[in-house]
Undergrad: 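Structure incoming, see below.
Whatever order the structure lists them in is the order used to number ligands and atoms, beginning at 1. No hydrogens, no waters, no symmetry mates; every other heavy atom, side chains included, goes into these values.
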Amino acid sequence: MQLIPVGILGTGKYVPEKILTNAELEKMIDTNDEWIVSRTGIRERRIAAPEQATSDLAYEASLKAMEMAGLTAADIDLIIVATLSPDHVFPSTACLVQARLGATKAAAFDLEAACSGFVYALSSAYGYIATGQYKHVLVVGAETLSRITDYTDRNTCILFGDGAGAAVLGPVEQGKGIKSFVMGADGNGGKLLQVANGGTRDPLTLENINDRKQFIYQNGKEVFKFAVRIMGNAAEEAIAKAGLSKADIDLFIPHQANIRIIEAAMERLELSKDKVMINLDRYGNTSAATIPIALAEAVEQGRVKSGDQIVLVGFGGGLTWAACVLTW
Ligand code: UT7
């Protein structure tokens with residue numbers, strides 16, 4: 001079967017207006033700007049307004065991505081929203097976005113692979129387009145992590161923020177577009193990073209609500225070790241699978257979790273700073289949204305040229321990881 005080349009036709013991002021700075025966190029918990037910046041690289045993050053939920057952020061980012069692609073809602077065949085903080089258990093956030101956009105011919109579903117979700121969703125979209133089932137797929141990474149963050153836990157609340165990034169995928173000319181994917185999971189590490197309660201295993205009750213397990217828990221040290229190892233491994237594997245070498249990479253767009261994890265990957269991939277997209281100082285960790293927000297910003301800033309070799313790498317809860325190499 002002859003596969004159709006698939007690429008990104010448009011990107012967009014949306015972040016809420018409200019900024020939560022390290023100085024403000026100092027007033028809420030026992031922490032300080034120096035610790036947060038030196039240990040994570042984060043200076044501020046965005047927080048959704050009370051009336052905003054994940055589908056609202058996803059909708060705004062989607063509008064921009066469709067505009068850049070020169071497409072309207074009527075052109076979209078499928079919407080995939082990668083999120084771990086959906087508006088509701090169901091209907092899916094993708095269905096809410098479909099309705100709001102008026103993308104009446106689009107199928108819609110959510111995909112949950114935590115911080116790897118956007119790259120997992122890209123791989124799914126790729127399959128539909130490459131095989132000719134659909135032409136235009138809207139892929140969104142969107143999170144309202146502030147709703148599931150425990151602002152009494154200094155180990156986690158300094159890390160997370162809200163936001164959304166979107167990409168419209170479609171057919172591109174031969175030689176351009178997506179070259180490779182590497183994805184993986186290690187379910188045995190699931191308990192290292194999770195929201196334990198509020199699902200069907202341990203529903204939220206009046207008795208357990210004060211255990212605060214409806215919020216994100218993370219074993220930071222263990223996830224850090226996993227992240228450093230997996231980010232380099234997944235990126236190297238995806239680069240080799242694309243028939244490229246490290247020196248061919250023009251732009252590296254990693255999941256924005258911790259500057260020290262990104263620096264370890266830069267060293268391993270022998271990348272200079274000008275080849276790496278970093279914006280976690282302004283947005284913190286927005287899980288499935290970090291990579292599409294960073295990609296949209298790279299495009300906005302003119303850092304992506306036709307023919308550039310781009311590497312996207314995500315990792316996170318599950319545990320999961322995913323890398324993608326594409327030619328712009
Ligand atoms: O997107 C999902 C993937 N997630 C990640 O990639 C996160 C990976 N992990 C990390 O980024 C890091 O482990 C953290 C940033 C979460 C933590 O950094 P760390 O260097 O591993 O710190 P630690 O947890 O080992 O804590 C060191 C010390 C502890 O004090 P003691 O026990 O040494 O006295 C903590 O209690 O720092 C203390 N600490 C803090 N101090 C000030 C922990 N959080 C804070 C804080 N402010 N917010």
Side-chain angles (χ1 to χ4, degrees), residues 20-46 82-85 112-120 141-146 148-165 184-187 189-196 215-235 253-266 268 278-281 283-294 312-323:
L20 176 63
T21 63
N22 290 351
E24 288 168 279
L25 282 166
E26 284 180 10
K27 295 181 199 140
M28 295 158 62
I29 42 160
D30 178 16
T31 190
N32 57 80
D33 178 59
E34 198 278 326
W35 191 96
I36 301 174
V37 173
S38 63
R39 295 294 181 117
T40 72
I42 301 167
R43 293 179 186 277
E44 56 187 48
R45 59 295 284 147
R46 299 300 178 104
T83 187
L84 57 74
S85 51
E112 205 277 88
C115 307
S116 315
F118 181 77
V119 181
Y120 263 72
E143 305 282 6
T144 315
L145 298 181
S146 60
I148 54 167
T149 294
D150 182 352
Y151 287 97
T152 67
D153 176 12
R154 71 174 184 173
N155 292 298
T156 53
C157 75
I158 56 149
L159 302 171
F160 301 112
D162 302 336
D186 174 10
K191 284 191 160 45
L192 296 175
L193 177 51
Q194 67 172 354
V195 173
F215 296 117
I216 300 169
Y217 161 83
Q218 173 169 251
N219 180 330
K221 269 195 167 42
E222 288 305 315
V223 175
F224 189 93
K225 283 189 263 175
F226 153 75
V228 167
R229 176 171 53 83
I230 213 68
M231 186 126 107
N233 287 356
I253 306 185
H255 172 47
Q256 311 280 312
N258 187 312
I259 190 69
R260 292 182 290 143
I261 296 171
I262 296 175
E263 282 167 356
M266 281 165 66
R268 177 147 166 208
I278 297 171
N279 63 8
L280 89 169
D281 50 324
Y283 305 133
N285 182 345
T286 57
S287 192
T290 66
I291 292 172
I293 291 174
L312 315 175
V313 194
F315 59 86
L319 301 169
T320 57
W321 58 93

Undergrad: Run the salt-bridge test on E222 and K225 with the 4.0 Å N-O cut-off and return the result as yes or no.
TA: yes
Undergrad: What protein heavy atom sits nearest atom 18 (O) of ligand 1, and how far away is it?
TA: R260 NH2, 3.5 Å
Undergrad: So, the side chain of R154 versus the backbone of I29: is there a donor-acceptor pair under 3.5 Å, distance only?
TA: no
Undergrad: Could you see which bit of L193 sits under 4.0 Å from ligand 1, with heavy atoms only: side chain, backbone, both or neither?
TA: side chain
Undergrad: Is the shortest N/O to N/O distance between N285 and ligand 1 below 3.5 Å?
TA: yes
Undergrad: Show the atoms of ligand 1 that are less than 4.0 angstrom away from any heavy atom in F315.
TA: 3 (C), 6 (O)
Undergrad: May I ask you to list the atoms of ligand 1 that are less than 4.0 angstrom from any heavy atom of N155?
TA: 43 (C), 44 (N)
Undergrad: Tell me which protein heavy atom sits closest to atom 9 (N) of ligand 1, plus the residue, atom name and distance to 0.1 Å.
TA: G220 O, 3.0 Å
Undergrad: For the pair D162 (side chain) and L145 (backbone), establish whether a donor and an acceptor sit closer than 3.5 Å, ignoring hydrogens and angles.
TA: yes
Undergrad: Say whether, by atom type as modelled, one donor and one acceptor occur between the side chain of E26 and the main chain of M28 under 3.5 angstrom.
TA: no
Undergrad: Looking only at N/O atoms, are N258 and ligand 1 under 3.5 Å apart anywhere?
TA: yes
Undergrad: Take every heavy atom of S287, measure it against each atom of ligand 1, and state whether any distance is under 4.0 Å.
TA: no
Undergrad: Using only atom types and a distance under 3.5 Å, with no angle test, would you say the side chain of N155 pairs donor to acceptor with the backbone of Q218?
TA: no
Undergrad: Just to be sure I read this right, does ligand 1 sit under 4.0 Å from the backbone of I261, its side chain, both, or neither, counting only heavy atoms?
TA: side chain
Undergrad: So which protein heavy atom does atom 44 (N) of ligand 1 come closest to, and at what separation?
TA: W35 CH2, 3.4 Å
Undergrad: Knowing that exactly one of F118, F315, Y283 qualifies, which makes a ring-ring contact (aromatic ring centres under 6.0 Å, His included) with H255?
TA: F315
Undergrad: What protein heavy atom sits nearest atom 30 (O) of ligand 1, and how far away is it?
TA: R154 NH2, 4.5 Å
Undergrad: Counting only non-hydrogen atoms of the protein, does one fall under 4.0 Å from atom 32 (O) of ligand 1?
TA: no
Undergrad: Counting only N and O atoms by type, is there a donor-acceptor contact under 3.5 Å from the side chain of T149 to the main-chain atoms of Y151?
TA: no
Undergrad: Counting non-hydrogen protein atoms only, what is the nearest one to atom 23 (P) of ligand 1? Give residue, atom name and distance.
TA: K221 NZ, 3.6 Å
Undergrad: Is the closest N or O pair between A257 and ligand 1 shorter than 3.5 Å?
TA: no
Undergrad: Select the closest option to atom 46 (C) of ligand 1 among I158, L192, I216, T31, judged by heavy-atom distance.
TA: T31
Undergrad: Where does T40 meet ligand 1, judged by heavy-atom distances below 4.0 Å: at the side chain, the backbone, both, or neither?
TA: side chain
Undergrad: Go through it in stages, so that I can follow the logic: the residues are N285 and T290, the test is side-chain contact (heavy atoms from CB on, under 4.5 Å), and I'd like the CA-CA distance, side-chain angles, deciding distance and then a yes or no.
TA: CA-CA 7 Å; N285 182 345; T290 66; 4.0 Å; yes
Undergrad: Among all protein heavy atoms in this structure, tell me which lies nearest to atom 22 (O) of ligand 1, with the distance rounded to 0.1 Å.
TA: R39 NH1, 3.4 Å
Undergrad: Heavy atom to atom 5 (C) of ligand 1, shortest distance: which of E34, Q256, Q218, E26 holds it?
TA: Q218
Undergrad: Backbone N or O of I158 within a donor-acceptor pair of the R45 side chain at under 3.5 Å?
TA: yes
Undergrad: I'd like to know if the side chain of Q256 reaches the main chain of T286, judged simply by a donor and an acceptor atom lying under 3.5 Å from each other, with no hydrogens or angles considered.
TA: no
Undergrad: Between S116 and T320, is there a donor-acceptor pair closer than 3.5 Å when you use the side chain of the first and the backbone of the second?
TA: yes
